[in-house]
Asks: 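Shown below is the structure under consideration.
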Amino acid sequence: MGMKTDWWGAQTHNEKVIVALDVDSRTQALALAQALQGSGCWLKIGLELYARSGLELVETFKSMGFPIFLDLKLHDIPTTVERTLKVLSASGVDMVDIHCTGGYSMMARAAEVCHQAGIKIIGVTVLTSMGPEDLREIGVQASPEQQVVNLARLAKQAGLDGVVASAQEAAVLRKQLGPEFILVTPGIRPPGSAKNDQVRVLTPREALEAGSSYLVVGRPITQAADPRQALAALWG
Ligand code: C5P
């Protein structure tokens, strides 16, 4: 479902699209899920919606057939992260994330508990809101690009399945970390659509060609009059 062959000869899949439900109301989130049900796309629940509705909404979306990426970006001592991931994984989520700057031990323990539960775990390297000066302020001398690659390598060694990265970083990460490493990329816009506050954006096709595994798309779908049609329009 949601699959077609397009002009560049590759198959495009809604299964590679993660729709970011960046809303703070359960009603709005449910309306979006109903509009997208059966399309094959994933849903991403971030801190805002999680703060509103918690794991109950994860279970509801799972019962509607969606794969779920629970984007809480955990960052704490290994034991706390491990115990929290046990609770989260029991809800049926399919993918979760943690901050790579929590360190090797934290990532390794997190990877182990997620793999036992059969779910994917990915890492956040450097928040894209941070530039070179922000990194220096927290004692990191490496450039953002170097730091992203360093942390992604450490994440892979620790057993994480992949990282969240800007679509612009996808090509270098794909090259450095191999074909199996999951790259989840936001900053995606269909050709000709509003950028909102995203500065550097790639189209879905460009991101997949650069090596993205999953595309995170928010406002182009969640603010569309017809979200399902907006999902289809990603592929031109
Ligand atoms: O609406 P839009 O498509 O810009 O939403 C993108 C989603 O990806 C949001 O949930 C945003 O928090 C997230 N994100 C991002 N840039 C990053 C990391 C995450 O836009 N570098």
Side-chain angles (χ1 to χ4, degrees), residues 15-22 29 41-55 57-58 61-62 66-130 144 147-170 173-174 177 180-188 198 207 211-218:
E15 286 81 356
K16 290 181 178 292
V17 177
I18 303 178
V19 177
L21 294 182
D22 296 324
C41 72
W42 288 58
L43 298 179
K44 176 169 95 70
I45 299 179
L47 279 172
E48 184 184 9
L49 186 55
Y50 183 77
R52 174 68 66 200
S53 301
L55 286 178
L57 203 52
V58 172
F61 290 155
K62 284 303 296 180
F66 289 100
I68 305 292
F69 171 27
L70 187 57
D71 176 23
L72 301 183
K73 301 185 177 68
L74 302 182
H75 190 177
D76 211 317
I77 59 170
T79 303
T80 304
V81 168
E82 179 181 348
R83 292 172 66 90
T84 304
L85 287 171
K86 274 190 187 145
V87 176
L88 297 180
S89 59
S91 70
V93 293
D94 299 274
M95 188 154 68
V96 292
D97 59 355
I98 59 177
H99 272 282
C100 298
T101 44
Y104 183 89
S105 308
M106 183 267 246
M107 288 195 278
R109 292 264 291 275
E112 197 181 335
V113 71
C114 286
H115 293 153
Q116 275 166 8
I119 70 174
K120 300 288 185 200
I121 175 158
I122 59 174
V124 176
T125 56
V126 179
L127 294 171
T128 47
S129 53
M130 296 186 80
Q147 182 72 351
V148 166
V149 173
N150 292 345
L151 286 171
R153 284 217 185 95
L154 189 67
K156 190 177 176 186
Q157 281 165 22
L160 263 56
D161 298 297
V163 291
V164 186
S166 81
Q168 280 80 11
E169 291 157 358
L173 287 170
R174 175 61 64 224
L177 294 151
E180 304 298 326
F181 205 59
I182 296 175
L183 300 177
V184 175
T185 61
I188 304 294
Q198 299 280 13
S212 293
S213 318
Y214 294 99
L215 315 172
V216 176
V217 186

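Just so we're clear, the structure is a prediction, and the values are computed from it rather than from any experiment. Just so you know, these numbers use all the heavy atoms, side chains as well, and skip hydrogens, waters and symmetry mates.
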Asks: If you define the side chain from C-beta out and look only at heavy atoms, does anything of Leu173 sit under 4.5 Å from Phe181?
Replies: no

Asks: Quick check: closest heavy atoms across Met107 and Ala155, and the distance to 0.1 Å?
Replies: SD-CA, 3.7 Å

Asks: Could you measure the distance from the CG atom of Leu21 to the CG atom of Asp71? Nearest 0.5 Å is fine.
Replies: 11.5 Å

Asks: Is a side-chain donor-acceptor pair under 3.5 Å present for Ser213 with Arg174?
Replies: yes

Asks: Measure from the side-chain N and O atoms of Trp42 to the backbone N and O of Phe66, and report whether any donor-acceptor pair falls under 3.5 Å.
Replies: no

Asks: Heavy atoms only: give me the nearest Ala152-Thr125 pair and the separation to one decimal.
Replies: N-CG2, 3.9 Å

Asks: Mind checking whether His115 and Ile121 have side chains closer than 4.5 Å, heavy atoms only?
Replies: yes

Asks: How close do Thr185 and Ala207 get, heavy atom to heavy atom, and via which atoms?
Replies: OG1-CB, 4.3 Å

Asks: Holding to ring-ring contact (aromatic ring centres under 6.0 Å, His included), I want the full list of residues that pass it with Phe61, two or more places apart in sequence or in another chain.
Replies: none

Asks: Which atom names give the shortest non-hydrogen contact between Val96 and Phe69, and what distance separates them?
Replies: C-CE1, 4.0 Å

Asks: What's the shortest heavy-atom distance between Ser212 and Ala170, and which atoms?
Replies: OG-CB, 4.0 Å

Asks: Main chain of Lys86, side chain of Ser89: is a donor-acceptor contact present, judged purely on distance under 3.5 Å?
Replies: yes

Asks: Rounded to the nearest 0.5 Å, what separates atom CG in Asp97 from atom CG in Leu160?
Replies: 9.5 Å

Asks: For the CG atom of Leu215 and the SG atom of Cys41, what is their distance to the nearest 0.5 Å?
Replies: 11.5 Å

Asks: Quick one: does Met95's side chain get under 4.5 Å of Asp161's, heavy atoms only?
Replies: no

Asks: Would you compute the distance between atom CD1 of Ile98 and atom CG of Leu85 and round it to the nearest 0.5 angstrom?
Replies: 7.0 Å

Asks: Please report the C-alpha distance between Val17 and Ile188 in whole Å, then the side-chain angles of each, then the deciding distance to 0.1 Å, and finally whether the side-chain contact (heavy atoms from CB on, under 4.5 Å) criterion is met.
Replies: CA-CA 10 Å; Val17 177; Ile188 304 294; over 6 Å; no

Asks: Does a side-chain heavy-atom distance below 4.5 Å link Ile68 with Lys62?
Replies: yes

Asks: For His75, enumerate each residue passing the ring-ring contact (aromatic ring centres under 6.0 Å, His included) test, keeping only those at least two apart in sequence or located in another chain.
Replies: His99

Asks: Sequence neighbours left out, what passes side-chain contact (heavy atoms from CB on, under 4.5 Å) with Thr128? Give chain and number order.
Replies: Ser166

Asks: What do you reckon, is NZ of Lys120 surrounded by more than 12 foreign heavy atoms closer than 6.0 Å?
Replies: no

Asks: With no hydrogens and no angle check, is any side-chain donor or acceptor of Lys156 less than 3.5 Å from a backbone partner on Leu177?
Replies: yes

Asks: So do Leu88 and Leu74 actually touch side chain to side chain, heavy atoms under 4.5 Å?
Replies: yes

Asks: Determine yes or no for a side-chain-to-main-chain donor-acceptor pair under 3.5 angstrom, with Asp94 supplying the side chain and Ile119 the backbone.
Replies: no

Asks: Once you round to the nearest 0.5 Å, how far does OG of Ser53 lie from CD1 of Ile45?
Replies: 8.0 Å

Asks: Hey, what do you get for CZ (Arg83) to CG (Asp76), rounding to the nearest 0.5 Å?
Replies: 12.0 Å

